[in-house]
Participant: 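So that we are looking at the same thing, I have put the structure below in structure tokens.
Protein chains get the first letters and strands the later ones, always in sequence-line order, with residue 1 at the start of each.
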Amino acid sequence: VSEAVALIALAATLAAAVARPRLAPDWAVAAGAALLLVALGVLSADDARDAAGDLGPTIGFLAALLVLADGCREAGLFAALGAAMATGARGDPIRLLALVFVIGAGTTAVLSLDATVVLLTPVVFATASRLRMPARPHVYACSHLANSASLLLPVSNLTNLLAFHAVGVSFLRFTALMALPWLVALAVEWVVLRRAFAPQLRPGAEPRSEDEVQAAVPVPRFALGVIAATLAGFALSSLAGIEPVWVAVAGAAALALHERRPPRALLRAVEPPFLVFVLGLAVVVRAAGDHGLQSAVEALVPHGEGLLALIGVAAVSAVVANLVNNLPATLILLPVVAGGAAGAGPALAMLVGVNAGPNLTYVGSLATLLWRRVLHAHGTDADLGEFVRLGLLTVPAILVASTAALWLALQVV
Amino acid sequence: MRVVVWIRERGWEACVDAAAALALDPAAVTLLAVPEADLEEVAAGGRAGLLGRHPRPPRGPSWDAVADEAAQGVLAAARDRLGGAAGTEVRHGRPERAVVEACAGADLLVLARDGEARLGPKSLGKHTRFVVDHAPCPVLLVWDGPPPPVDTLPPPPR
């Protein structure tokens, strides 16, 4: 009975996160499900506290990063990036795509995929539109890179933060191991998007000149300085024996003070309901894991640190991420892949799967996909065929090539 | 005589020049733009990794407003190129259907190929293909730039 209750609680939490019913917000469902599981004795209070407490530092880390990205937006960083792209493109759509790749990959890696999705993508769309270029290739690049370029740093994705915490490698070692897989993922995306959108990327007959397009935008030097200092701090933290979360907190605080952000704005940037949701979800996943889910996953995931085993881990992770979304997938898979004697390899291969995988089915999970179809039955839908085709061209290639690059890095680093 | 010219980011110059070459009364020409409204939905695909997070969109114009402004900009440039007297229109909805609907009662539709730059069916993107297949009027289909030479014609099937 406990097994069924735990799985139903997990299903209800995921359903609430996807469907977002007005009467039962996802955070309330997650918290309620977690409390119910403890009240029913499916999970002991100690285990629940353990699961939630384990997540505490990671949640704090994420909150600091969200505040940092919010400060960058307030300082005008993304407007300045838009202006830089418009100027640097010199009327050539391919040059603009290259700039979107550099800036999109950098934003995702440093400020996490949230910043790319929420803050950078609208700027890229506006920039391409002002330049009178078809914006489709550039919007697709942003949308894909938010996921596939989130491999590099522990801070690039919440999934990375979770694995980083569980595996216990240093910030520098994580980055050194993931640098090559990240570059390989970018290369695959470039080749595929460049080819798929070749007609839209032809230069126009009469490109607009720069001054027609974009008034000068001041460069937010302080924000850029804070980002550079934060990155340097991350790199040095492991040498100095400081937890990197404190570096992120310091960077976020410096920018928030400089921009004079009111406490309410900071609170909004942190999204407290989301933090509740993650804690509740972690407890629910722990309960489901203890009651059969973990052993089921254990049987599914290949073991070992050989090339084929790692590719297997990445593939299974991508499938699970597409079935239940990447955050639950990470929580489910992490105890299995981070526990063994194989070192960091399997956990990092899992990240390749859960981070790049969501590009496969449009919005990252079949459930979200189906629900969106229901909601938008009569609206202007995106062309699902185009999205899935680009996903099929990029995701399997990235899973194999980036995991192979990871295997190589594990031999060398 | 009523002529509709489908104006897009790529190939609008060629369309306008083709319309001008017909030496029509500019007042009989309607320059039509239909912003692609699905890109915001494409961008939402990137939210795959944000389960449980519902960040507010940043301040600024909506995607539709940005797309409309860009469409107005291209239409204004096209009108200048044609000589200033043509009418302009921005329609909304699925572009391929909006264009076909705009051709009701028209005597000619001018549009450009938007696919690969070689002879063959792939020289038409799927929206262009739809419009050519469904247009309720004569169609003038131009190349964006110099047409590929005829010796690029693929060999006949055996």
Side-chain angles (χ1 to χ4, degrees), chain A residues 17-18 20 26-27 30 73 78 113-114 116-119 121-122 125-126 129-130 132-136 139-140 142-144 146-147 150 157-159 198-200 202 204-206 268 271 273-274 277-278 281 325-328 355 358-359 362-365 368 372 376 379-383 387, chain B residues 7-14 16-17 35-71 73-74 77 81 92-95 112-117 122-128 144-145:
Chain A
V18 170
R20 300 181 61 191
D26 46 17
W27 60 270
R73 178 190 58 77
F78 294 96
L113 83 163
D114 299 52
T116 299
V117 171
V118 180
L119 303 174
T121 308
F125 174 62
S129 299
R130 264 202 303 273
R132 293 192 192 144
M133 295 175 186
R136 185 169 297 271
V139 170
Y140 258 105
C142 266
S143 171
H144 266 212
N147 291 314
S150 70
N157 197 324
L158 178 54
T159 56
Q200 286 92 333
R202 274 202 311 268
E206 286 180 11
R268 208 165 48 217
E271 281 199 67
F274 173 64
F277 171 77
V278 178
L281 181 64
N325 224 306
N326 62 354
L327 183 55
N355 290 353
N359 283 338
Y362 184 43
V363 255
S365 84
T368 317
R372 288 186 78 92
H376 294 272
T380 43
D381 282 319
D383 178 354
F387 209 105
Chain B
I7 299 296
R8 287 179 285 182
E9 297 98 333
R10 282 293 167 272
W12 64 267
E13 297 95 337
V16 168
D17 293 350
E36 296 194 341
D38 67 330
L39 283 180
E40 190 170 10
E41 192 69 355
V42 167
R47 289 179 182 254
L50 302 188
L51 183 77
R53 274 167 280 177
H54 316 297
R56 292 180 172 202
R59 284 185 300 268
S62 70
W63 285 60
D64 288 345
V66 171
D68 268 13
E69 195 190 324
V74 184
R81 192 181 179 98
H92 296 98
R94 292 173 178 269
R113 295 177 192 262
D114 63 338
E116 295 176 7
K122 288 186 175 174
S123 64
L124 270 67
K126 65 177 191 290
H127 290 344
T128 313
D144 176 21

Participant: Would you find more than 12 non-hydrogen atoms of other residues, nucleotides or ligands less than 6.0 Å from B:K122 atom NZ?
Facilitator: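 Result for NZ/B:K122: open.
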
Participant: A:A126 versus chain B, heavy atoms under 4.5 Å apart: side chain, backbone, both or neither?
Facilitator: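 A:A126 touches chain B through backbone and side-chain heavy atoms alike.
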
Participant: In terms of heavy-atom pairs under 4.5 Å, which option from B:A70, B:A67, B:G115, B:G145 contacts chain A the most?
Facilitator: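 Ranked by heavy-atom pairs under 4.5 Å with chain A, first place is B:G115.
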
Participant: Check whether B:A71 gets within reach of chain A through its side chain, its backbone, both or neither, counting any heavy atom under 4.5 Å.
Facilitator: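 Neither part, no heavy atoms under 4.5 Å.
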
Participant: Looking at every non-hydrogen atom in both residues, tell me the closest pair between B:A43 and A:S143 and how far apart they are.
Facilitator: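 Answer, listing the atom of B:A43 first, then A:S143: O-OG, 4.2 Å.
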
Participant: Flag the one option from B:K126, B:R8, B:H92 with the top tally of heavy-atom pairs under 4.5 Å to chain A.
Facilitator: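 Ranked by heavy-atom pairs under 4.5 Å with chain A, first place is B:K126.
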
Participant: State, with a plain yes or no, whether a side-chain heavy atom of A:P134 is found less than 4.5 Å away from one of B:R10.
Facilitator: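 Answer yes - side chains close enough.
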
Participant: More than 12 heavy atoms of other residues, nucleotides or ligands under 6.0 Å from CH2 of A:W27: yes or no?
Facilitator: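 Open: at most 12 neighbouring heavy atoms sit under 6.0 Å from CH2 of A:W27.
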
Participant: Need one label for B:E36: side chain, backbone, both or neither, based on atoms under 4.5 Å from any heavy atom in chain A.
Facilitator: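 Side chain only.
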
Participant: Is it the side chain or the backbone of A:R202 that comes within 4.5 Å of chain B heavy atoms, both, or neither?
Facilitator: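 Both parts, heavy atoms under 4.5 Å.
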
Participant: Counting only heavy atoms closer than 4.5 Å, note whether A:R136 contacts chain B via side chain, backbone, both or neither.
Facilitator: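 For A:R136, heavy atoms of backbone and side chain both lie under 4.5 Å from chain B.
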
Participant: Using every non-hydrogen atom in the two residues, find where B:L39 and A:V139 come nearest and quote the distance to one decimal.
Facilitator: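 In terms of heavy atoms, the two residues are closest at O-CG1, 3.8 Å.
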
Participant: Given that the side chain runs from C-beta out, which part of A:L158 has a heavy atom under 4.5 Å from chain B: side chain, backbone, both or neither?
Facilitator: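 Contact with chain B: side chain only.
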
Participant: Does the side chain of A:T121 come within less than 4.5 Å of B:W63's, by heavy atoms?
Facilitator: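 Answer yes - side chains close enough.
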
